[in-house]
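Each chain gets a letter, A, B and so on, in the order its sequence line appears, and its residues count up from 1. All heavy atoms count here, side chains included; hydrogens, waters and symmetry mates do not.
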Amino acid sequence: MVAVIVTGVHFFITDRLIERRLETAASRLNGALVELDGFDLSLLDLRVRWARLQVADPDDTMKNLFETGAADFNVGLAPLFRKKFIIEELRMQNIRAGTDREKDGGLPRSLRREKSPFMRKMEERLEDTASRIPVFDPDLLTRDIDIEGMWSSLTLESPGKIRALRDELGAALDRWEERSASLPSPDTVDELKNRVASIRPQDADTAEELARSLERANAAREDVSSHLEDVESMLSRFDEETRGVARLDARISGYIEEDYQRALALAELPDLSRESIAEMLFGESIVARVEKISGIVGRVRRYTGRFRALVPEKEKTPRLRGQDIPFVREQTLPKLWIKAVALSGEIRSVDLSGTVSNVVSSQRTIDRPTRLDLSGARPDRAALNLSGVIDHRGDVPVEEFSLGLVELPMKDMSLTGFPLLPGTVSGGRADLVASIRFSGDDMEARVRFTGRGVSFAPVEKTAGMSDLMHEAARSLARAIDRVDLQATMRVVDDRLTLDMTSNLDGLVADRLDDLLSEELGEARRVVESRIHAKVDGLALEVEESLTRREQEIRSRIESVRSTLTEQSHILEEKRNRLEDALESQKSEARRKAEKGLEDSLRNLF
Amino acid sequence: MLILQLVRKLVKVLRSAGSPFQIAGGFALGMLLGFTSFKTLFAAPIVLCLILLNINLAGAILGILIFRFAAYMADPLIHSLGYWILTREVLRPLWTALYDLPLAPYLRYNNTVVLGSLVVGLLLFIPVYIGVKRLLIAYNERFREKIERLKFIRAVKGTFVFKWAARLLDLRG
């Protein structure tokens, strides 16, 4: 009876008790449920086995971070007396990542822990970065530009400006109406004309008559020139002061254009630059992955931090649980040391195998870092390599991971959640090289993704998708046959920077420009026609009246100028004739005088 | 009826060793166990004492219940006390040496609540023992007859339920 009881106690209580304690401790460390199925502890040979291990993802508690199939290992006996768990080799089969859970893996409140300072800082930085990633609102394409709303909000300024211009130019023309009264009157012009006409060189026979005519011509010329000079000066000033009338059409067009621009601003059209497209396409995905990895690193640091610090910080713990203070001595065995973990399983349909070495509570005790090496390949040439080092021996904890994927089929891969890009890839192969390094609070992550021969599944029009978006997605699907993405994220001196470029930036930016241009063009045409309907009548009326008045005043001035110019030419001609005739007479008289003198001298001698 | 017989035996055991010294001793040991809990090896010698010593188990159970609740309520203070003791530099060599000894880690002495509770329990052990003993002696000498004569007590003892339970559990002594 006693033996039965002892055996039953051994079988039911020991395994179940230890299983529950392991699950509780591991769950608290992970921040989400850790569940063991089929746990079996054999006290005779200190062998531990389980059929299944599920480690829930704290960021998505309906999924597992990873799960394993059967595992078994032996625990060293002698160290166990000192409550030290030393495992030479832990074999875990059928490891898979991201599997679905049947029930929520979230922790009850009593087991939850506050996040570590490292994790809090990283989350703050990443949340700040994520908030600055531009968000594309597909409604900007699907919604119609609200012309009526825009029109009701728009206050046209061009009519007022046109009226002000009319008043301004009208006042100038009014002044010139008055000034034009100072033009030589028709009587004065007629009088000048008569004076010019009265000078008749052909009628002057004698020198005296020629001289008198010339004198009259000079006097007339002086008057005509004086008047002409005044009229030309007036015309010049008139041109200057009424230049606005000549540019009336351009100015009115400018006012209307200003109203267009204000109307477009009211339509709130997006401004998309190529630089922001890459962040919009892939930014959230990169930030989410870095956050997940940071979470894992944070949990590892929290665990190992207890054994690194001589005096760990006082923690707030649930009641009656307390806080374990480790007392680690160099050159002794650590509390937990799994010397080698042999893994086999599958990630993204790639069969993997590899090892994790030196999973240990205190690396300083054994003076070795923890290393991870996983690799695998598929018959279709796809291959994966994952390696990492966790080194907490120094004062500054360092973690490095790198992932390489080659020839990964892209079929059924979803590239991005961007609404304009086709959802699912139907063909192509991809290479991915990614690395991330944490050193204290600093971090650097790099991603290089190359997809070749990319093709997309036919883009189906879904509910809520406009024709415009559907056509945009289809045209992008046709245009994309390659995806190149480079991203770098750094945290240095508490500052996070994210740099991203991809070949899709230009394609998407150009396509958005085209789409928006179509919409915008139509909006402009409607707004333009409405503004013209409101403004054209007034503009035409103003233009016509001002131009007519300007032309009237100008023609008056030019008429007088023309007449005076003509008289000036006539007068000049007559003067020339008079001067020539007078010169001729003088020559004749001189010749006669010389002949007379010559004759007199001849007669004398 | 096997169950009733088992319960009767249990009650008999619990009611045995009824002197004030035995009750106070049981209560004090129960207090110690209430503070330290069964999850550490510290509980083993205390349980051994409960089994081997001729003390009142009912008192021990009462002590466990009362002081487990007290430990729960006073946990923040106990946690602070344990943390203070474990982080004293002068004691570090002691704790480190203990950490490597066989079985010592199973004592969980490096847990703040375990150590704090143990210290509080040990400090209170003698005062609680003396206090309970004196209380019981005073009760027997001065208050027992008065309380038993109280109408309420007599009324309870006169109920059918009490009589039935007394007959069943042989509580009449």
Side-chain angles (χ1 to χ4, degrees), chain A residues 1 5 9 13-14 16-18 20-22 24-25 28 43 46 75-86 110 113-114 303 305-337 361-362 364-366, chain B residues 2 6 33-43 64-65 67-121:
Chain A
M1 177 75 169
I5 292 170
V9 164
I13 295 182
T14 309
R16 294 295 162 264
L17 191 65
I18 294 176
R20 194 168 302 159
R21 294 199 68 181
L22 280 174
T24 304
R28 290 184 70 230
L43 290 174
L46 291 176
V75 182
L77 175 62
L80 212 50
F81 285 105
R82 291 176 173 78
K83 208 178 178 187
K84 293 180 195 288
F85 300 88
I86 309 298
S110 59
R113 275 183 164 170
E114 276 183 21
Y303 176 69
R306 285 193 233 150
F307 300 92
R308 289 173 58 241
L310 275 182
V311 180
E313 278 185 30
K314 188 174 166 195
E315 294 175 7
K316 192 167 180 236
T317 58
R319 286 182 186 263
L320 301 181
R321 189 175 300 281
Q323 174 185 354
D324 288 337
I325 311 288
F327 296 99
V328 179
R329 191 159 60 184
E330 308 290 340
Q331 311 305 323
T332 61
L333 290 173
K335 183 176 161 116
L336 167 69
W337 186 9
S361 56
S362 170
R364 282 178 178 166
T365 310
I366 65 169
Chain B
L2 177 65
L6 284 172
L33 204 53
F35 271 120
T36 55
S37 98
F38 289 92
K39 289 184 184 175
T40 75
L41 273 187
F42 284 124
I64 291 170
L65 291 173
F67 286 97
R68 196 77 188 128
F69 178 73
Y72 180 85
M73 297 306 292
D75 179 82
L77 292 171
I78 292 172
H79 172 53
S80 297
L81 174 65
Y83 182 82
W84 185 83
I85 297 171
L86 285 169
T87 54
R88 293 304 95 204
E89 201 54 40
V90 67
L91 293 174
R92 189 168 186 85
L94 169 65
W95 305 134
T96 309
L98 271 177
Y99 206 66
D100 268 335
L101 288 179
L103 298 180
Y106 290 98
L107 293 172
R108 293 195 66 206
Y109 72 91
N110 64 322
N111 182 276
T112 53
V113 165
V114 168
L115 188 65
S117 303
L118 183 67
V119 168
V120 169

Legend entry - Listed partners of A:Leu320 passing side chain to side chain contact (heavy atoms under 4.5 Å, CB included), at least two apart: B:Arg68, B:Ala71, B:Tyr72, B:Asp75
Inset, instruction - Apply side-chain contact (heavy atoms from CB on, under 4.5 Å) to the pair A:Leu80 and B:Tyr106, showing each step before the final yes or no. - result: CA-CA 10 Å; A:Leu80 212 50; B:Tyr106 290 98; 3.8 Å; yes
Inset, instruction - Flag the pair B:His79 / A:Thr317 as yes when at least one side-chain heavy-atom distance between them is below 4.5 Å, and no otherwise. - result: yes
Legend entry - Heavy-atom side-chain proximity of A:Phe327 to B:Leu86 below 4.5 angstrom: yes
Inset, instruction - Check whether the side chains of A:Lys314 and B:Thr112 place a donor and an acceptor atom closer than 3.5 Å, and report yes or no. - result: no
Inset, instruction - For residues B:Pro76 and A:Lys316, determine if any side-chain heavy atom of one lies less than 4.5 Å from a side-chain heavy atom of the other. - result: no
Legend entry - chain A contacts, top residue of B:Asn111, B:Leu101, B:Val113, B:Ile78 (heavy-atom pairs, under 4.5 Å): B:Asn111
Inset, instruction - Look at atom CZ of A:Arg20 and say whether more than 12 heavy atoms of other residues, nucleotides or ligands are closer to it than 6.0 Å. - result: no
Legend entry - Portion of B:Ser117 that has a non-hydrogen atom of chain A nearer than 4.5 angstrom: neither
Legend entry - Which atoms of B:Tyr83 approach chain A - backbone, side chain, both or neither, heavy atom under 4.5 Å: side chain
Inset, instruction - Quick one: which residue pairs count as a salt bridge (charged side-chain N to carboxylate O under 4.0 Å, His left out) with a foot in residues 101-115 of chain B, not counting sequence neighbours? - result: A:Asp324-B:Arg108
